[in-house]
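The next block holds one structure in the form of structure tokens; read it before the comments.
Note that this is a predicted model, so its numbers are computed, not measured.
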Amino acid sequence: MNPELADSPFLRACRRRPVPHTPVWFMRQAGRSLPEYRAVREGVPMLAACATPDLIVEITMQPVRRYGVDAAIFFSDIVVPLKAIGIDLDIKPGIGPVVADPIRDAAAIETLRPLEPGDVTYVTEAVRALTGELGATPLIGFAGAPFTLASYLIEGGPSKSHDRTKAMMYGEPRLWHALMDRLTGITIGFLRVQAEAGASAVQLFDSWVGAVAPEDYREFVLPYTSRIFAALADLDIPRIHFGVGTGELLGLLGEAGADVVGVDWRVPLDEAARRVGPGRALQGNLDPAVLFAPREVVERRAADVLARGAKAEGHVFNLGHGVPPGADPGQLARLTDFVHETSAR
């Protein structure tokens, strides 16, 4: 890693070192809120875009050019590694990932083979191109965590209640652990491909794990999350862990082994720092809905996030979830500048 990149505010904050200003990036910063994204994606299905290196590079770079954020997030989708190993799925506009044959028995789990680097050569190609173009701006690789992937595979698509997922977890634990074991290996493979191609950090998205109670997280999820972070330790890059609705799980998310714990908007960062415990940086956590409020409200709320984030050992400013599709790019540009200027004082 070149010294300028290693010294970037984002990587310094992840490593809990002093920073010239609080670094900023936004989950879903590349996406439908940007007119340039909608232009390049016109007529291109999501999974096709995620397998086209030139498009991956262009879409990843768009928010970096527009906002001057402190990190880029690799443009992909959490189901890309599942598609790459032959799972019959598609991302339906307005719905999300839809799986043709949901996985609900041992025979179906057997079809989940390990991910090989050759399955995702477009990822390696795109990461290498991006690291050349980004220079001193870090690239964050990412993957979906096993619980969230399992939910899509078992339910057959997005679910608000995760009933079938929890039914397997509670009622067929042997099946559940076999599925989580396979998905853990696939996730490790996908993250290592990105890191070995040049990503400077990785984020594990466990979008739906907030549906699980702490004692169930400890038994049914934590062993696999811990295994993922342990398997990446030799890469010596920051590992970020994020889930939605995880206020009751923050201590366990810290225990799982990430260097940085992402916090959604429901728990103030000073309280999150107490729950997560020492030895971790925090990422977050402005409510994305605030972006639709007047500028002075956005700035007041952002200043509060910065003040509370100062109680953490390291702080990366972000939203508490992804940028909403209808957000004004101008609002995000002003927010980036505000965070940089306010935190540099």
Side-chain angles (χ1 to χ4, degrees), residues 26-28 73 77-79 95-97 99 140 142-171 173 176-177 179-180 183-184 187 202-229 239-277 280-290 305 308-309 312 316 318-324:
F26 303 111
M27 289 182 280
R28 289 203 201 118
I73 177 86
D77 189 90
I78 64 169
V79 299
I95 298 172
V99 179
I140 305 166
F142 83 91
F147 177 87
T148 294
L149 295 178
S151 178
Y152 282 121
L153 288 172
I154 296 165
E155 305 286 343
S159 169
K160 287 195 168 82
S161 59
H162 311 280
D163 289 340
R164 288 181 181 274
T165 305
K166 289 182 171 185
M168 183 189 290
M169 193 171 79
Y170 298 144
W176 173 261
H177 288 297
L179 175 58
M180 290 290 279
L183 292 172
T184 296
T187 301
V202 290
Q203 175 156 311
L204 187 66
F205 281 89
D206 214 346
S207 311
W208 308 135
V209 81
V212 175
E215 58 271 27
D216 293 321
Y217 182 92
R218 184 175 289 286
E219 180 178 353
F220 296 110
V221 183
L222 181 62
Y224 303 101
T225 314
S226 298
R227 201 172 109 203
I228 290 166
F229 289 129
R239 299 155 297 174
I240 309 167
H241 193 18
F242 174 75
V244 184
T246 51
E248 295 301 318
L249 303 177
L250 286 172
L252 289 162
L253 264 58
E255 209 178 297
D259 305 290
V260 184
V261 175
V263 184
D264 78 6
W265 67 93
R266 295 169 177 88
V267 180
L269 286 182
D270 48 352
E271 170 60 16
R274 188 190 69 76
R275 294 186 191 185
V276 170
R280 303 282 182 262
L282 297 185
Q283 178 175 281
N285 73 338
L286 186 72
D287 186 340
V290 171
V305 170
R308 293 175 187 275
V316 175
N318 207 312
L319 302 177
H321 197 194
V323 175

Discussion item. In the structure I gave you, are the side-chain heavy atoms of Pro158 and Ile95 within less than 4.5 Å of one another anywhere?
Written reply: yes
Side-chain heavy atoms of Phe147 within contact of Phe220, under 4.5 Å = no
Between Gly171 and Pro173 the two heavy atoms that sit nearest each other are C-CD, 3.4 Å
**Flag side-chain contact, heavy atom, 4.5 Å: Tyr224 against Leu183** = no
Tested for side-chain contact (heavy atoms from CB on, under 4.5 Å) against Pro146, the lone hit among Leu179, Ile228, Val209, Asp206 is Ile228
So NE2 of His241 and CG of Leu252: to nearest 0.5 Å the spacing works out to 9.5 Å
Heavy atoms of Ala312 and Ala273 approach each other most closely as CA-CB, 4.2 Å
* Asked: Is any side-chain heavy atom of Leu253 closer than 4.5 Å to a side-chain heavy atom of Phe242?
  -> no
Salt bridge (Lys or Arg N to Asp or Glu O under 4.0 Å) filter on Asp216, not counting sequence neighbours, yields none
Rounded to the nearest 0.5 angstrom, the CG-CZ distance for Asp77 and Phe205 is 10.5 Å
Taking every heavy atom of Ala272 against every heavy atom of Val267, the minimum-distance pair comes out as N-CG1, 3.8 Å
Residues Ala143 and Ile78: closest non-hydrogen pair is C-CG2, 4.2 Å
Heavy-atom side-chain proximity of Val316 to Ile240 below 4.5 angstrom = no
CE (Met169) and NE2 (His177) are apart, to the nearest 0.5 Å, by 9.5 Å
Rounding to 0.5 Å, atoms CG (Asp270) and CZ (Arg308) come to a distance of 4.5 Å
To the nearest 0.5 Å, atom CZ of Arg164 lies from atom CD1 of Ile154 at 10.0 Å
Minimal heavy-atom distance between Gly262 and Leu250, with the atoms involved, is O-CD2, 4.3 Å
Rounding to 0.5 Å, atoms CG (Asp287) and CZ (Arg266) come to a distance of 8.5 Å
Using the six-membered ring wherever Trp is involved, compare the ring planes of His162 and Trp208 and label them parallel, tilted or perpendicular (cut-offs 30° and 60°). tilted
*asked:* Side chains of Met27 and Ile73, heavy atoms from C-beta outward: is any pair under 4.5 Å?
replied: no
query: Can you check whether His321 reaches Arg28 side chain to side chain, under 4.5 Å on heavy atoms?
result: yes
Minimum side-chain heavy-atom gap Glu155-Thr165 below 4.5 Å
yes
Closest non-hydrogen atoms of Val244 and Asp264, given as atom of the first, atom of the second and distance, are C-OD2, 3.7 Å
Contacts satisfying side chain to side chain donor-acceptor pair (under 3.5 Å) that involve residues 246-256 (not counting sequence neighbours) are Arg218-Glu255
